[in-house]
Amino acid sequence: MGRTRVYQRTTDYVPRDERVLTVRAVHRTEPDVGKLTEAFIRLALQRVTDARAAREEKAPPSSLKPGTHR
């Protein structure tokens, strides 16, 4: 029994032996570490502020208001 049709690939898979790879160097400028540090610190401080505000919303009042004794 032989094939009646010529083999036709049905996927985009390419065997390792048939692959063609190229490597190109991409030269980028150095990042500004000062600006990155400032942005990171601002983000951290904002998250701390948001977390503190959320905790204070959920916390019970530290003392009773005058006239609310039972």
Side-chain angles (χ1 to χ4, degrees):
M1 283 186 113
R3 287 189 183 264
T4 56
R5 292 183 293 162
V6 177
Y7 172 74
Q8 189 91 26
R9 280 190 186 156
T10 57
T11 65
D12 293 334
Y13 175 77
V14 179
R16 178 174 280 176
D17 297 339
E18 296 177 20
R19 294 179 192 168
V20 178
L21 301 175
T22 57
V23 177
R24 288 177 285 161
V26 177
H27 299 285
R28 295 191 168 101
T29 58
E30 292 278 328
D32 186 346
V33 179
K35 287 182 182 178
L36 288 173
T37 303
E38 183 179 345
F40 183 75
I41 290 170
R42 286 177 185 267
L43 178 65
L45 289 173
Q46 185 62 46
R47 293 183 86 178
V48 167
T49 303
D50 293 345
R52 184 176 293 148
R55 272 196 316 269
E56 288 176 0
E57 275 183 18
K58 293 178 185 178
S62 58
S63 63
L64 297 175
K65 294 180 182 177
T68 58
H69 307 295
R70 286 191 182 198

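Computed from a predicted model, the values in this text were never measured in an experiment.
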Residues forming a side-chain hydrogen bond (donor to acceptor under 3.5 Å, both in side chains) with E18, sequence neighbours excluded: R9
May I have all residue pairs that pass salt bridge (charged side-chain N to carboxylate O under 4.0 Å, His left out) and include part of residues 36-47, sequence neighbours excluded? E38-R42
With sequence neighbours excluded, tell me which residues meet side-chain hydrogen bond (donor to acceptor under 3.5 Å, both in side chains) with Q46. D50
Running the 4.5 Å side-chain criterion over Ile, Leu, Val, Met, Phe, Trp and Tyr, what cluster does V14 land in, apart from itself? none
The criterion is side chain to side chain contact (heavy atoms under 4.5 Å, CB included); which residues satisfy it with I41, sequence neighbours excluded? T37, L45
Listed partners of Y13 passing side chain to side chain contact (heavy atoms under 4.5 Å, CB included), at least two apart: T11, P15, R19
